[in-house]
There are 2 protein chains.
Amino acid sequence: MFSKACEYGIRAIVHISLKSEKGMKVSLKEISHAINSPEAFTAKILQQLSKNDLIQSFKGPTGGFIMSPKQLKQVMLRDVVNTIDGDSIYTGCGLGLEHCDATNPCPLHNEFMEIREQLRSMLQSTSIRQLSDSLRQGEAILKR
Amino acid sequence: MFSKACEYGIRAIVHISLKSEKGMKVSLKEISHAINSPEAFTAKILQQLSKNDLIQSFKGPTGGFIMSPKQLKQVMLRDVVNTIDGDSIYTGCGLGLEHCDATNPCPLHNEFMEIREQLRSMLQSTSIRQLSDSLRQGEAILKR
DNA sequence: CTATTTTCGGACAATTTTGTCCGGTATCGA
DNA sequence: TCGATACCGGACAAAATTGTCCGAAAATAG
Ligand code: FES
Ligand code: FES
């Protein structure tokens, strides 16, 4: 469904959100440990998120990653997925035709549209903060 | 969502179903032309489908691929997807945790379950024949 | 039987995705 | 100022996926 990079990205930003609510910056090392992901690979993904203004990054000692109050309030799951995986989930044809076209559809077009619409709506309406809240309340985890 | 191999596989078996309803065998060459897919790669996929008894294959002149009446009646989209991509779509965690576990869920577990359940149900209730019917009636296409 | 046709199966190649390394740069604290 | 820390960014490497080649095996037609 999502690429490995996107999975790491979501788990990472949720962890950052968790700490940011307490006003704490997190280092790359702590993040990759908290979500059990390869450190250097995670770094690349965080750079993307930072460049797209979904998170903030700071260099040097006491540096690390944090989300501003504005970001905490505004960033949706959709923004993360879009940044890393693009919008091919919504726009592409499920059977691999060159593009999805309702006036000239593949045999699964209608069925796919329904599922993708539900996915799109879920990603758009779910905030990162919601997800980190469920973490804080012990209802969910980010690694096994 | 699906692998390239799976996309080709679905399009291929739908075309075979279309021809089989008219009692016609189809050659690899005709299939890959009809669905616009790489020939040798498609051959591998058809072998998988054949070994899993979703289609029949015959060697030699007048050879090719066909679906038996029983296969035409019984084969569901789910069987094709399962043969090629396995069941990781249903069983795996959407955020990449080692496995999906409702008693120890990732923050997106509930949202994912809903979408995946809809997908599972759609794949399970849609037959290949249904799809080839929509083709025959000119309501859909298999290549651009 | 023989030549031809078509699938089968294994090895190989290209591409994409995933993951690593390492020097560079900015920042902080002493 | 100086050294240590932590992110940045580009090159590189490994693995998985996608795609190709070619000889073997089977079956048919002549
Ligand atoms: S044409 Fe295939 S999903 Fe729309
Ligand atoms: S635990 Fe992640 S989807 Fe179920």
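It should be emphasised that the depicted structure is a prediction, and the values quoted were computed from it without experimental measurement. Just so it is clear: chains get the letters A, B, ... in the order the sequence lines come, proteins before strands, and each one is counted from 1.
- Among the atoms of the strands shown, base atoms are found under 4.0 Å from some heavy atom of B:K44.
- Among the heavy atoms of the strands lying under 4.0 Å from A:K51 are primed sugar atoms or P, OP1, OP2 only; no base atom is included.
- A:I16 and A:F2 end up in the same hydrophobic cluster when Ile, Leu, Val, Met, Phe, Trp and Tyr side chains are linked at under 4.5 Å.
- Using a 4.0 Å cut-off between charged nitrogen and carboxylate oxygen, A:R136 and A:E21 count as a salt-bridge pair.
- Nearest nucleotide to the side chain of B:A40, out of D:dC21, C:dC21, D:dA27: D:dC21.
- Residue B:S57 places at least one side-chain N or O closer than 4.0 Å to OP1 or OP2 of C:dC8.
- Taking the ring axis of B:F65 as reference, the NZ or CZ atom of B:K25 does not stay both within 45° of it and closer than 6.0 Å to the ring centre.
- Residue order along DNA chain C, read from the 5' end via each residue's closest nucleotide, puts B:K29 first among A:K4 and B:K29.
- Whole-Å rounding puts the A:F2 CZ to C:dT17 P distance at 16 Å.
- Between B:Q47 and the phosphate of C:dG9, there is a side-chain N or O to OP1/OP2 separation shorter than 4.0 Å.
- The listed nucleotides are C:dT20, C:dT27, D:dT18; the one nearest the side chain of B:A5 is D:dT18.
- Contact annotation: A:Y8 reaches the phosphate of C:dG19 (side-chain N/O to OP1 or OP2, under 4.0 Å).
- For CD of A:Q137, the number of neighbouring non-hydrogen atoms (other residues, nucleotides, ligands) closer than 6.0 Å is greater than 12.
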